[in-house]
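Okay, structure first, notes after.
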Amino acid sequence: MKIGVLTIHDTFSIGATLQAYALCRKLSEMGHEPELIAYSPEYLYSIYDARVIGIQEDLKSTVRSFFAYKRNAEMKKKFIEFKERFHPPMTTRYYRKEEVKQNPPQVDAYVCGSDQIWNPEHIMYDDTFFCGFEKRLVPKVAYAASIGLDELEEKDVAFLKRHCKNMTAIGVREDTAVTQLWEMGFSAVQNIDPTLLYDRDVWKELEVPVTQKLPSKYILYYPLSENSIEYELLPLVKAYTGLPCVVISPSLRGYKHADYQICCAGPQEYLYLFDNAEVVFTNSFHALSFSIIFEKKSVLYEHKTRNSRLESLLRLVNLEERLVRTVEEFKVKDWKTIWRKGYIGCKEIIWKEQKQADIYLKEALSECK
């Protein structure tokens, strides 16, 4: 059965790209024909897009513009190659929601999945990610849709109430989202993120080594967004482990406490870096996901506004003690004991969630047959 997959995949975000791959792979293995809906509204354009070089206000800025362009173009090439090789076919490209309404995809059902597709602020209150364009009575299934906000304002609640009515089955990624939607009157269940649908061996098959020479053991630092606590914590993590730090970031300004910087990692290099890291230091949801998949020692620090995503996954797999909110909290924790415990019981939890995901998707899409 042809399934239109609505997710944020058409940007140069590693997490978004890999979760889209995993969700479509799962649907294919279930006997369906997934087709990614190529919805590319301007508000989702990635900051990693290779932009035209322009003459800036001063020479220094012009030089920075040139190097930024080169870095981003190289990274963009890796993403495009990955998507062409591993993502399923895409629909006609849509740039505005009106275009989707005028010419909706010709599919038998929809799966709206993962990332922050139901974060009202992130999607600019766009009902496309709720299949608002489709008037036919076909299954419209949400799988691991993420709201991603710790608190909802009145306008967010009103938006979600209005458009969740369009869905035939609702699965969300965070336990907090389940609660939020139940309070609005919707029957929602929790799904694991698509990246967690597959174990280490599947992801290892996709790895590509980085060309830069790295130490045999290192801390992998993957910052999602700036939080001042990370600049205080990172030196402590380095001192505690005695390891150098490798940061994944295209930033031209560099990182004070990082010893190596990987500027142009694509999805496959990203997997390689996680697989070979000794410790992961991050506030990224998908970095946490892959640190679990590869069973890495990890230190998680808070995001400024979107901690429900991290906290929900940590609660699910009983790893809450790895989250640090203050420098003092890092200092008083017994990291040797925390890391020695490793992932006892975690594999069984993930395995059960994988089975539940199969059941949920099979039942939700059963109307297709």
Side-chain angles (χ1 to χ4, degrees), residues 7-25 46-51 67-87 114-115 193-225 230 234 243-255 257-300:
T7 187
I8 298 174
H9 65 91
D10 202 23
T11 65
F12 301 103
S13 159
I14 292 171
T17 300
L18 292 175
Q19 64 82 21
Y21 163 80
L23 179 57
C24 291
R25 175 170 174 154
S46 171
I47 58 171
Y48 298 136
D49 257 338
R51 293 178 171 84
F67 283 107
Y69 175 85
K70 287 194 68 177
R71 271 186 192 181
N72 293 339
E74 182 179 342
M75 186 159 54
K76 180 176 180 178
K77 182 174 180 288
K78 291 178 180 178
F79 274 89
I80 291 172
E81 288 173 350
F82 180 90
K83 292 174 182 181
E84 288 178 346
R85 184 175 177 188
F86 297 109
H87 278 183
S114 191
D115 235 30
D193 186 79
T195 55
L196 291 165
L197 291 172
Y198 294 99
D199 299 329
R200 175 191 310 193
D201 291 346
V202 168
W203 293 112
K204 282 179 71 71
E205 292 173 0
L206 299 177
E207 289 179 15
V208 169
V210 295
T211 55
Q212 187 172 341
K213 186 171 176 148
L214 299 176
S216 58
K217 293 185 177 182
Y218 56 86
I219 299 162
L220 184 63
Y221 171 32
Y222 187 72
L224 177 63
S225 63
E230 67 197 89
L234 183 54
L243 295 174
C245 172
V246 176
V247 63
I248 304 177
S249 173
S251 172
L252 289 173
R253 63 179 173 82
Y255 289 83
H257 300 294
D259 303 285
Y260 303 82
Q261 182 173 351
I262 307 299
C263 301
C264 303
Q268 294 178 277
E269 289 86 0
Y270 174 94
L271 293 170
Y272 173 87
L273 289 164
F274 270 85
D275 189 15
N276 289 278
E278 186 74 12
V279 178
V280 173
F281 178 65
T282 188
N283 66 343
S284 158
F285 175 86
H286 282 111
L288 168 59
S289 177
F290 283 105
S291 72
I292 292 170
I293 290 167
F294 290 115
E295 297 188 4
K296 298 299 176 180
K297 300 171 185 175
S298 58
V299 178
L300 290 303

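The figures that follow rest on heavy atoms only: side chains count, while hydrogens, waters and symmetry mates do not.
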Quiz prompt | Which residues share a side-chain hydrogen bond (donor to acceptor under 3.5 Å, both in side chains) with Glu81, sequence neighbours left out | solution = Lys77
Practice problem: Taking all heavy atoms of Ala22 and all of Pro194, pick out the closest pair and write down the distance. | Solution: CB-O, 3.2 Å
Practice problem: Test Leu273 against Ile262 for side-chain contact (heavy atoms from CB on, under 4.5 Å), laying out the working first. | Solution: CA-CA 10 Å; Leu273 289 164; Ile262 307 299; 4.1 Å; yes
Quiz item: Would you say the side-chain atoms of Ser289 and Asp193 include a donor-acceptor pair closer than 3.5 Å?
Solution: no
Practice problem: Determine the minimum heavy-atom distance between Ala20 and Thr7, stating which atoms define it. | Solution: CB-CG2, 4.0 Å
Self-check item: Reported CE-to-SG distance for the pair Met75 and Cys264, which is rounded to 0.5 angstrom
Solution: 6.5 Å
Quiz item: Judged by atom type as modelled, is there a donor-acceptor pair below 3.5 Å linking the side chain of Glu295 to the main-chain atoms of Ile292?
Solution: no
Self-check item: Partner set under salt bridge (Lys or Arg N to Asp or Glu O under 4.0 Å) for Lys83, not counting sequence neighbours
Solution: none
Exercise. Taking salt bridge (Lys or Arg N to Asp or Glu O under 4.0 Å) as the test, write out the residues that go with Glu230, two or more places apart.
Key: none
Quiz prompt | Passing option when Tyr222 is tested against Phe285, Tyr270, Tyr255, Phe281 for ring-ring contact (aromatic ring centres under 6.0 Å, His included) | solution = Tyr270
Quiz item: Taking only residues two or more places apart in sequence or in another chain, which ones pass side-chain hydrogen bond (donor to acceptor under 3.5 Å, both in side chains) with Ser291?
Solution: none
Exercise. Starting from the C-alpha separation in whole Å, work towards a yes-or-no answer on side-chain contact (heavy atoms from CB on, under 4.5 Å) for Val279 and Leu220.
Key: CA-CA 6 Å; Val279 178; Leu220 184 63; over 6 Å; no
Self-check item: Value rounded to 0.5 Å, distance of NE2 in His286 from CD1 in Ile293
Solution: 9.0 Å
Quiz item: Run the salt bridge (Lys or Arg N to Asp or Glu O under 4.0 Å) check on Lys296 and Glu278 step by step: do they pass?
Solution: CA-CA 6 Å; Lys296 298 299 176 180; Glu278 186 74 12; over 6 Å; no
Quiz item: Any idea how Phe82 and His87 line up, ring-wise: parallel (<30°), tilted (30 to 60°), or perpendicular (>60°)?
Solution: perpendicular
Quiz item: Which heavy atom in Thr282 sits nearest to a heavy atom in Ala287, and how many Å separate them?
Solution: OG1-CB, 3.4 Å
Quiz item: Roughly how far, to the nearest 0.5 Å, is CZ of Phe294 from CZ of Phe274?
Solution: 9.0 Å
Quiz item: Do Val246 and Leu214 have side-chain heavy atoms sitting under 4.5 Å apart?
Solution: yes
Practice problem: Start with the C-alpha distance between Asn283 and Leu300, add both sets of side-chain angles, then the distance that settles side-chain contact (heavy atoms from CB on, under 4.5 Å), and finish with yes or no. | Solution: CA-CA 6 Å; Asn283 66 343; Leu300 290 303; over 6 Å; no
Self-check item: Non-hydrogen side-chain atoms of Leu271 and Leu18 separated by less than 4.5 Å
Solution: yes
Quiz item: Can you check whether Lys78 reaches Gln268 side chain to side chain, under 4.5 Å on heavy atoms?
Solution: no
Self-check item: Close side-chain approach of Cys245 and Leu234, heavy atoms under 4.5 Å
Solution: yes
Quiz item: Any idea which heavy atoms bring Val247 and Ala258 closest together, and the distance?
Solution: CG1-CB, 3.7 Å
Quiz item: Between Gln261 and Gln212, which heavy-atom pair has the shortest distance, and what is it?
Solution: O-OE1, 3.2 Å
Quiz item: Aromatic ring centroids of Phe12 and Phe79 under 6.0 Å?
Solution: yes
Self-check item: Spacing of CD belonging to Gln19 relative to SG belonging to Cys24, to within rounding of 0.5 Å
Solution: 8.5 Å
Quiz item: What residues, two or more places apart in sequence or in another chain, satisfy side-chain hydrogen bond (donor to acceptor under 3.5 Å, both in side chains) together with Lys217?
Solution: none
Pairs of donor and acceptor atoms involving the side chains of residues 201-211, under 3.5 Å and at least two apart or interchain, shall be tabulated with distances.
{"residue": "Trp203", "atom": "NE1", "partner": "Thr195", "partner atom": "O", "Å": "3.2"}
{"residue": "Trp203", "atom": "NE1", "partner": "Tyr198", "partner atom": "O", "Å": "3.3"}
{"residue": "Lys204", "atom": "NZ", "partner": "Asp275", "partner atom": "OD2", "Å": "2.6"}

Practice problem: Evaluate the side-chain contact (heavy atoms from CB on, under 4.5 Å) criterion for residues Val280 and Tyr221: first the C-alpha distance (whole Å), next the side-chain angles of each, then the deciding distance (0.1 Å), finally the verdict. | Solution: CA-CA 6 Å; Val280 173; Tyr221 171 32; over 6 Å; no
